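Worksheet: the structure to be examined is printed underneath.
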Protein chains: 2
Amino acid sequence: MGLRERKKEKTRLALLDAALDLFLEQGYESTTVEQIAGAVDVSPRTFFRYFTSKDHLVLWFHDHGEEIMLETLESRPPDEPPFTALMHALRAVLSDMQGSTPEESARFLKLRRILEENPRLIGQSVARGAQTEHRLAELVAGLRGADPDTDQLSHLIVAFAMSTLRVGFECPRRDGTLVEITDRMSETIELAERSLQPGWDLR
Amino acid sequence: MGLRERKKEKTRLALLDAALDLFLEQGYESTTVEQIAGAVDVSPRTFFRYFTSKDHLVLWFHDHGEEIMLETLESRPPDEPPFTALMHALRAVLSDMQGSTPEESARFLKLRRILEENPRLIGQSVARGAQTEHRLAELVAGLRGADPDTDQLSHLIVAFAMSTLRVGFECPRRDGTLVEITDRMSETIELAERSLQPGWDLR
DNA sequence: CTGACTTATGGCACACTGTGACAGAAGGGT
DNA sequence: ACCCTTCTGTCACAGTGTGCCATAAGTCAG
């Protein structure tokens, strides 16, 4: 990796960290892009080359999680029931989180606090999840050999899976360590699995 | 109802209809608030007194649906299983749609087309759903005698219910009549009910 | 190391959304 | 007719996000 790419990655993370800290200090709304860029000695114009919008800062982790889910899903045996496969994908996201560096964990925890304090951002985050959902639904429909446009069950399977992820992520209201959060999330996954009829995702 | 209120309601609907038509003609992004306001001979500033944002135009029906759901939920017998009660609330939304005037139906169908063409707006719509979800989760936690902050099942119950609504709303990709859509949505509701273990929402 | 290249950056102008403040117009009640 | 309340338009303004172009910095020959 050349100097150029390393520098870019450094700037991206510097912007991200500066932004997260500013959001926690003075709130999301009252932090301007100008401030964020200023804290990293970069022009506002450049900020928008790293993050397409202010919201994007808060959504970057979705991109990462989505990537993991899609990869996992493709590596599962094709005859596995779709919801089971999705639950494996969820667990893959969890174990990625558990294996993250201290910096990454810190970012994640800060992000959770910011989201808790800004309902509007939770919305944005959910909205991003909806896009992921759509891609996953197409994949699941493919697995089931169904038309992604009309097969309601494919969509329902994915929707339930993403709901599970979201509940696990949002539910532990009080601040906790990363381990506590991931533990909580795997409880949610088990709860969801126990709640559904065996084989519901096959017919 | 005085002349004043009637006039306000008229302006609100005029703005809404003008906006929906413009969105369909030239797309959501490339329609400006100035155009919408201009079409109704109103200043842009006034537009923002009727709708808090451009997005709000597309989200207004959520407010209506949420209202119905909350009302229905409160009128259900308190010992009814929460998910069952939520499914009744969903059906209440459907029957409200079926009983709507031709103008309202037309708006609804236009809105669906606009949402189909603008994934970003689907996101916004889902995000609004997330807020509703939170309110509902507190209500359900109350029914279950649980702490809304920590009881994951309450959140999961509501999340699954809202997923059902959303899948029903989004899934019938092809344009259809209102009746076709509501029929499709009640199929989705039944599908969800069949997929879950009996009593999953009680323990 | 020099020059030619590719790519990132900064600065500028600009369109658009959304808000606060104030003055004037329009409805409502007496 | 009067006052009072509420709605409206105008203006000014902060902030987000984009296109464009000149310049600076990284890259890669030779």
Side-chain angles (χ1 to χ4, degrees), chain A residues 1-16 18-23 25-60 63 114 118-121 123-125 127-128 131, chain B residues 1-16 18-23 25-60 63 114 118-121 123-125 127-128 131:
Chain A
M1 217 209 275
L3 167 61
R4 200 167 222 157
E5 288 188 50
R6 267 180 290 133
K7 208 170 171 182
K8 264 181 86 173
E9 200 53 29
K10 211 173 126 190
T11 309
R12 158 167 275 112
L13 290 177
L15 283 170
L16 184 56
L20 291 179
D21 288 335
L22 283 168
F23 291 164
E25 272 171 44
Q26 30 173 312
Y28 178 82
E29 296 291 352
S30 36
T31 302
T32 67
V33 170
E34 202 179 349
Q35 288 178 304
I36 301 169
V40 189
D41 258 317
V42 153
S43 78
R45 186 68 188 82
T46 298
F47 171 89
F48 285 109
R49 291 199 176 95
Y50 282 93
F51 298 92
T52 53
S53 70
K54 203 175 143 189
D55 290 351
H56 190 206
L57 278 166
V58 176
L59 263 33
W60 102 97
D63 302 344
I114 294 166
N118 299 72
R120 202 207 120 225
L121 286 180
Q124 290 296 322
S125 163
R128 181 61 140 254
Q131 294 176 27
Chain B
M1 217 209 276
L3 167 60
R4 200 165 224 157
E5 287 187 51
R6 267 182 290 132
K7 209 170 174 183
K8 264 181 86 173
E9 201 52 29
K10 211 174 127 190
T11 309
R12 155 165 279 112
L13 290 177
L15 283 169
L16 184 56
L20 290 178
D21 288 335
L22 284 168
F23 291 164
E25 272 172 42
Q26 30 172 312
Y28 178 81
E29 297 290 354
S30 36
T31 302
T32 67
V33 171
E34 201 178 348
Q35 286 177 306
I36 301 169
V40 189
D41 258 316
V42 154
S43 78
R45 187 65 186 86
T46 298
F47 170 88
F48 285 110
R49 292 197 176 98
Y50 282 93
F51 297 93
T52 54
S53 70
K54 203 175 144 188
D55 290 352
H56 191 207
L57 278 167
V58 176
L59 263 33
W60 104 97
D63 300 345
I114 294 166
N118 298 73
R120 202 206 119 224
L121 286 181
Q124 291 296 323
S125 162
R128 181 59 140 253
Q131 293 176 27

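Please read these numbers as outputs of a predicted model, since none were measured by experiment.
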**Request:** May I ask you to check if B/Lys54 and B/Phe48 form a cation-pi contact, with NZ or CZ under 6.0 angstrom from the six-membered ring centre and within 45° of the axis?
**Result:** no

Indicate yes or no: at least one non-hydrogen side-chain atom of [X] is less than 4.5 angstrom from one of [Y].
{"X": "B/Asn118", "Y": "B/Ile114", "result": "yes"}
{"X": "A/Phe51", "Y": "A/Val33", "result": "no"}
{"X": "A/Val58", "Y": "A/Gln124", "result": "no"}

**Item:** B/Glu34 atom CD, neighbour heavy-atom count above 12 within 6.0 Å
**Value:** no

**Nearest-Å distance for atom pair CZ/C1', residues B/Arg120 and D/dT16** = 12 Å

**Message:** Rounded to whole Å, please give me the gap between CG in A/Leu15 and P in D/dT16.
**Reply:** 14 Å

Taking only distance into account, with no hydrogens and no angle test, what donor-acceptor pairs under 3.5 Å do side-chain atoms of residues 1-16 of chain A form with protein atoms, sequence neighbours excluded?
residue: A/Thr11; atom: OG1; partner: A/Lys7; partner atom: O; Å: 2.9
residue: A/Arg12; atom: NH2; partner: A/Tyr50; partner atom: O; Å: 2.8

**Message:** Checking A/Glu29 now: which residues fulfil side-chain hydrogen bond (donor to acceptor under 3.5 Å, both in side chains) with it, not counting sequence neighbours?
**Reply:** A/Arg120

**Request:** With sequence neighbours excluded, tell me which residues meet side-chain hydrogen bond (donor to acceptor under 3.5 Å, both in side chains) with A/Ser53.
**Result:** none

**Request:** Provide the start and end nucleotides, 5' to 3', of the part of DNA chain C that has atoms under 4.0 Å from heavy atoms of chain A.
**Result:** C/dT6 to C/dC12

**Message:** Using a 4.0 Å cut-off on heavy atoms, which residues in residues 29-38 of chain B reach DNA chain C? List them by number, or say none.
**Reply:** B/Thr31, B/Thr32, B/Val33

**Prompt:** Which part of the nucleic acid, if any, lies within contact of B/Phe47, taking any heavy atom under 4.0 Å across all strands shown: a base, the sugar-phosphate backbone alone, or nothing?
**Reply:** nothing

**Prompt:** Is B/Tyr50 near enough to D/dC7 that one of its side-chain N or O atoms lies under 4.0 angstrom from OP1 or OP2?
**Reply:** no

**Message:** If I compare all heavy atoms of B/Ala18 with all of B/Ala39, which pair ends up nearest, and what's the gap?
**Reply:** CB-CB, 4.1 Å

**Message:** So if I define the base as every atom that isn't primed, P, OP1 or OP2, how would nucleotides 19-30 of chain D read as a B/S/- string at a heavy-atom cutoff under 4.0 Å?
**Reply:** BB----BBS---

**Asked** Are A/Arg128 and A/Asp63 within salt-bridge range, i.e. N to O under 4.0 Å?
**Response** yes

